[in-house]
Amino acid sequence: MPFQSTGCNPGIGKTREAAWEWAESNDLALSPVARKKMIRTRPELWISLIFPTASQQHLDLFCQWLFWAFLVDDEFDDGPAGRDPRMCEAAIDRLVTVLDGGTPSGAMERALVGLRTRTYRGRSARWIRQFRRDTVAWLWTYYAETVERAAGQAPSRSEFVKHRRDSVAMQPFLDLHEITAGIDLPESARSLPAYIALRNAVTDHSGLCNDICSFEKEALLGYEHNAVHLIQRDRGCTLQEAVDEAGAQLAGIAQRVQRAEKELIEEIEAAGIQGRTRAALEQCVRDYRGLVRGDFDYHARAERYTRPDLVEVDERDSLSTYFAA
């Protein structure tokens, strides 16, 4: 890990309280199993390591997005909604409809309306398009995985890299970074090859780090959409050898982040980008380093990843209460 820690946001405690109060006020009544999973997940820790200088208002909002996203993730990864393609398709279609302004039905959809309204306030149309595209792409990855499971299929490693870039859900949080950073990138900046490469490298690092830390838990649940599992499958090697290879790949992705940073500065110069747009891109370069490190540190600290022995396989069906109807 070549990047230095930027610390943890001092508002972490208040953000944790705000997240649970938000869940209660939105009637997101977690089952005992789901509640224990969320406590072990510590969304307030991830968000505070990723955004160490965010205001309390932004930190709370982003943590509530993450709380909601983890609920969605657990429903589709661990519950029956992720094993029934029709149930999965219907649930995601409803969520996307609500994100686009449709009428909500149920607690998860009503909570999404509130998050969307608070997040979109004051944002440009181009930012909203980007956030909507990244969020919808993340949601539909659950359907792709559900269908593959039902068909008895698993992706190739190259296919999985592309899939994981959306399924890890980092892209929407890179969009949210612009809110706390006080920037709004124009389409021209978003189209710079090195900016795209930088975002992809940051996202790929998060996805692979998550897979390394999640492998044992996901193996217990029979979940095959994991880079370590795919390495072990393709190479026919031991688990430790697969983990070692994944670790080497993770180091290579960190080098990709550094290379993309250098190339982005070169492209800024070549394009003659000045003023606020240049300053915004330079801020992304600085902040993304801390974001990568914060994500890395989180996976080493949250019990969701450090305690696979706490997974309750026999009770996982009790998680899915939101998408069954």
Side-chain angles (χ1 to χ4, degrees), residues 1 33-34 36-47 49-50 66-79 81-83 138-139 141-142 144-146 148-149 154-155 157 159-173 202-235 237-251 253-254 291-316 319-320:
M1 171 50 59
V33 173
K36 283 190 288 186
K37 283 176 67 71
M38 189 63 72
I39 291 171
R40 294 197 299 264
T41 296
R42 299 186 68 190
E44 73 282 354
L45 175 62
W46 189 84
I47 217 72
L49 289 168
I50 295 302
L66 185 61
F67 194 111
W68 184 87
F70 271 123
L71 284 179
V72 171
D73 187 68
D74 286 341
E75 292 286 343
F76 289 125
D77 280 358
D78 303 344
R83 300 193 294 275
W138 160 62
L139 287 169
T141 62
Y142 292 108
E145 293 183 12
T146 300
E148 284 188 324
R149 276 196 293 272
R157 287 166 66 182
E159 291 168 342
F160 184 69
V161 169
K162 296 177 183 178
H163 170 84
R164 197 71 174 109
R165 196 167 285 165
D166 287 324
S167 72
V168 75
M170 179 62 84
Q171 297 279 2
F173 284 93
V202 169
T203 301
D204 291 350
H205 194 279
S206 178
L208 185 54
C209 185
N210 183 283
D211 283 356
I212 293 170
C213 295
S214 299
F215 177 78
E216 291 183 77
K217 171 180 74 77
E218 292 175 349
L220 288 171
L221 296 171
Y223 182 79
E224 297 185 345
H225 287 76
N226 180 290
V228 176
H229 169 80
L230 296 178
I231 292 170
Q232 191 176 21
R233 178 201 67 184
D234 290 353
R235 288 190 53 195
C237 61
T238 67
L239 171 57
Q240 188 58 56
E241 288 171 337
V243 171
D244 290 345
E245 180 172 328
Q249 292 177 3
L250 193 68
I253 296 172
L291 191 150
V292 171
R293 176 57 187 263
D295 178 78
F296 181 83
D297 290 345
Y298 164 76
H299 282 90
R301 293 172 61 179
E303 285 188 336
R304 181 184 181 96
Y305 305 102
T306 63
R307 293 291 306 277
D309 56 301
L310 297 177
V311 173
E312 300 181 49
V313 179
D314 294 339
E315 299 183 45
R316 67 183 184 178
L319 286 167
S320 284

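Keep in mind that the numbers below use all heavy atoms, side chains included, and drop hydrogens, waters and symmetry copies. Computed from a predicted model, the values in this text were never measured in an experiment.
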Show the numbers, then the answer: is there a side-chain contact (heavy atoms from CB on, under 4.5 Å) between Leu49 and Phe296?
CA-CA 9 Å; Leu49 289 168; Phe296 181 83; over 6 Å; no
Short side-chain to backbone donor-acceptor contact, Asp166 and Trp138, under 3.5 Å
no
Decide ring pair (Phe, Tyr, Trp, His ring centres under 6.0 Å) for Phe173 and Trp46; before the verdict, give the C-alpha distance in whole Å, the side-chain angles of both, and the deciding distance to 0.1 Å.
CA-CA 11 Å; Phe173 284 93; Trp46 189 84; 5.2 Å; yes
Got a salt bridge between Arg304 and Asp73, using NZ or NE/NH1/NH2 to carboxylate O under 4.0 Å?
yes
When every non-hydrogen atom of Asp295 is compared with those of Cys209, the smallest separation belongs to OD2-CB, 4.3 Å
Rounding to 0.5 Å, atoms CD1 (Ile47) and CZ (Arg42) come to a distance of 13.5 Å
Rounding to 0.5 Å, atoms CG (Asp244) and CD (Gln240) come to a distance of 4.5 Å
Across all chains, not counting sequence neighbours, the ring pair (Phe, Tyr, Trp, His ring centres under 6.0 Å) partners of His229 are none
Any salt bridge linking Arg235 with Glu245? Criterion: basic side-chain nitrogen under 4.0 Å from a carboxylate oxygen.
yes
When rounded to the nearest 0.5 Å, the distance separating OG of Ser206 from CE of Met170 is 3.5 Å
Minimum heavy-atom separation for Arg165 and Asp204, please, with both atom names.
NH2-OD2, 2.7 Å
Separation between CD1 of Ile50 and OH of Tyr298, rounded to the nearest 0.5 Å
10.0 Å
Heavy-atom closest pair, residues Phe215 and Leu239
CE2-CD1, 3.0 Å
Rounding to 0.5 Å, atoms OG1 (Thr41) and CG (Asp74) come to a distance of 6.0 Å
Side chain to side chain donor-acceptor pair (under 3.5 Å) filter on Ser167, not counting sequence neighbours, yields Arg164
Candidate pair Arg301 and Asp297, rule salt bridge (charged side-chain N to carboxylate O under 4.0 Å, His left out), full reasoning:
CA-CA 7 Å; Arg301 293 172 61 179; Asp297 290 345; 6.0 Å; no
Applying the side-chain contact (heavy atoms from CB on, under 4.5 Å) test to Phe160, which of Lys162, His163, Arg157 qualifies?
His163
Closest heavy-atom contact between His205 and Ala254?
CD2-N, 4.0 Å
State, to 0.1 Å, how close Phe70 and Met38 come at their nearest heavy-atom pair, and which atoms those are.
CB-CE, 3.9 Å
Of all the heavy-atom pairs spanning Ala246 and Leu208, show the shortest one and how long it is.
O-CD2, 3.4 Å
